[in-house]
Amino acid sequence: MSKLETAIQKNKAFNEAELPKDIHILNTDSVRTFKEITDLYPGKVIFIDVWATWCGPCRASFAHIKPLQKYVAENDIVLLYVSIDTPQKAELWKKMTGHYNLKGEHVIINEAFKMEIYEKFGRNGILSIPHYAIVNKEGELQFPSAASPENMDKLTEQLKEASK
């Protein structure tokens, strides 16, 4: 019975959690291009993490996010999480951002720029996630396939290069 009670309490905590102040959900209802989102951060390096709530490897990768969060905070880099979930999953998506303490900026794709995301970060219309990318200070997609937070040494190199 104690295992069941523990599971119930975890589920209840997940569903009742509120988003911390350092998690920002951006409204993309009127956004027509992905560039409109990256243009919100002029002169900043942007680390992009493309993920989905249903993606087990995406959720597993969040275990390695703390060193990246520390690095971006110290170096004025934007962490932009892009969810490819459907709008019907928006509530679950918001809850998961808080559950995994994904500090940074968050967007869920809309139909207007969905194909752009798949073309920009995928191959032949197929997008493997998690997927990481880096936009440099000039607003250019410098690393369309960046290193994972699990490979922080390589990722730090790429972020430093994008900061030049």
Side-chain angles (χ1 to χ4, degrees), residues 11-66 68-122 125-146 148-149 155 158-159 162-163:
N11 190 18
K12 198 172 179 182
F14 176 82
N15 285 309
E16 293 174 357
E18 292 193 23
L19 287 179
K21 289 179 175 67
D22 47 8
I23 293 177
H24 310 116
I25 305 291
L26 304 176
N27 183 337
T28 58
D29 291 346
S30 64
V31 173
R32 297 290 159 243
T33 67
F34 188 62
K35 186 160 176 27
E36 288 179 55
I37 296 168
T38 58
D39 283 352
L40 294 173
Y41 311 100
K44 302 257 188 178
V45 171
I46 306 169
F47 176 78
I48 300 167
D49 183 338
V50 183
W51 71 289
T53 58
W54 46 263
C55 171
C58 298
R59 294 190 313 267
S61 74
F62 298 147
H64 305 279
I65 204 75
K66 292 266 188 255
L68 175 61
Q69 289 176 335
K70 183 176 187 293
Y71 182 84
V72 300
E74 292 169 351
N75 292 279
D76 196 29
I77 295 170
V78 175
L79 262 177
L80 177 62
Y81 295 92
V82 178
S83 170
I84 62 169
D85 283 293
T86 62
Q88 294 84 358
K89 295 281 187 183
E91 283 308 309
L92 175 61
W93 161 66
K94 288 177 186 176
K95 287 178 183 178
M96 287 183 101
T97 62
H99 176 75
Y100 289 106
N101 197 24
L102 302 178
K103 298 174 186 175
E105 310 298 303
H106 294 266
V107 296
I108 192 166
I109 62 170
N110 64 31
E111 286 301 316
F113 65 90
K114 178 180 180 176
M115 289 315 301
E116 181 185 358
I117 295 293
Y118 278 75
E119 289 169 11
K120 193 177 292 283
F121 302 120
I126 299 171
L127 177 62
S128 296
I129 55 175
H131 184 88
Y132 310 101
I134 299 172
V135 172
N136 65 22
K137 285 185 173 185
E138 286 74 43
E140 301 162 343
L141 184 59
Q142 186 167 348
F143 293 98
S145 290
S148 161
L155 181 54
Q158 291 174 335
L159 290 168
S163 296

Closest heavy-atom pair and its distance - [X], [Y]:
X: Trp93; Y: Thr53; value: CA-CG2, 3.6 Å
X: Lys114; Y: Ile109; value: CG-CD1, 3.4 Å
X: Ala52; Y: Cys58; value: N-SG, 3.9 Å
X: Trp51; Y: Met96; value: CH2-CB, 4.0 Å
X: His106; Y: Ile23; value: CD2-CG2, 3.5 Å

Quick check: do [X] and [Y] have side-chain heavy atoms less than 4.5 Å from each other?
X: Glu105; Y: Tyr41; value: yes
X: Leu155; Y: Tyr71; value: no
X: Tyr81; Y: Leu26; value: no

Which distance, rounded to the nearest 0.5 Å, do you find between the [atom1] of [X] and the [atom2] of [Y]?
X: Leu102; Y: Phe62; atom1: CG; atom2: CZ; value: 4.5 Å
X: Asn110; Y: Ser30; atom1: CG; atom2: OG; value: 8.5 Å
X: Trp54; Y: Arg59; atom1: CH2; atom2: CZ; value: 10.0 Å
X: Leu159; Y: Asn136; atom1: CG; atom2: CG; value: 11.5 Å
X: Arg32; Y: Glu111; atom1: CZ; atom2: CD; value: 10.5 Å
X: Lys35; Y: Glu140; atom1: NZ; atom2: CD; value: 9.0 Å

Given 3.5 Å as the limit, does a donor-acceptor pair link the side chain of [X] with the main chain of [Y], or not?
X: Asp85; Y: Ile108; value: no
X: Gln158; Y: Ala146; value: no
X: Asn75; Y: Ile77; value: no
X: Gln69; Y: Asn101; value: yes

With Leu80, which of Val50, Ile46, Leu40 fulfils side chain to side chain contact (heavy atoms under 4.5 Å, CB included)?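 Among Val50, Ile46, Leu40, the one meeting side chain to side chain contact (heavy atoms under 4.5 Å, CB included) with Leu80 is Ile46.
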
Going by the angle between their ring planes, with limits at 30° and 60°, are Phe121 and His131 parallel, tilted or perpendicular?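 Phe121 and His131: tilted rings.
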
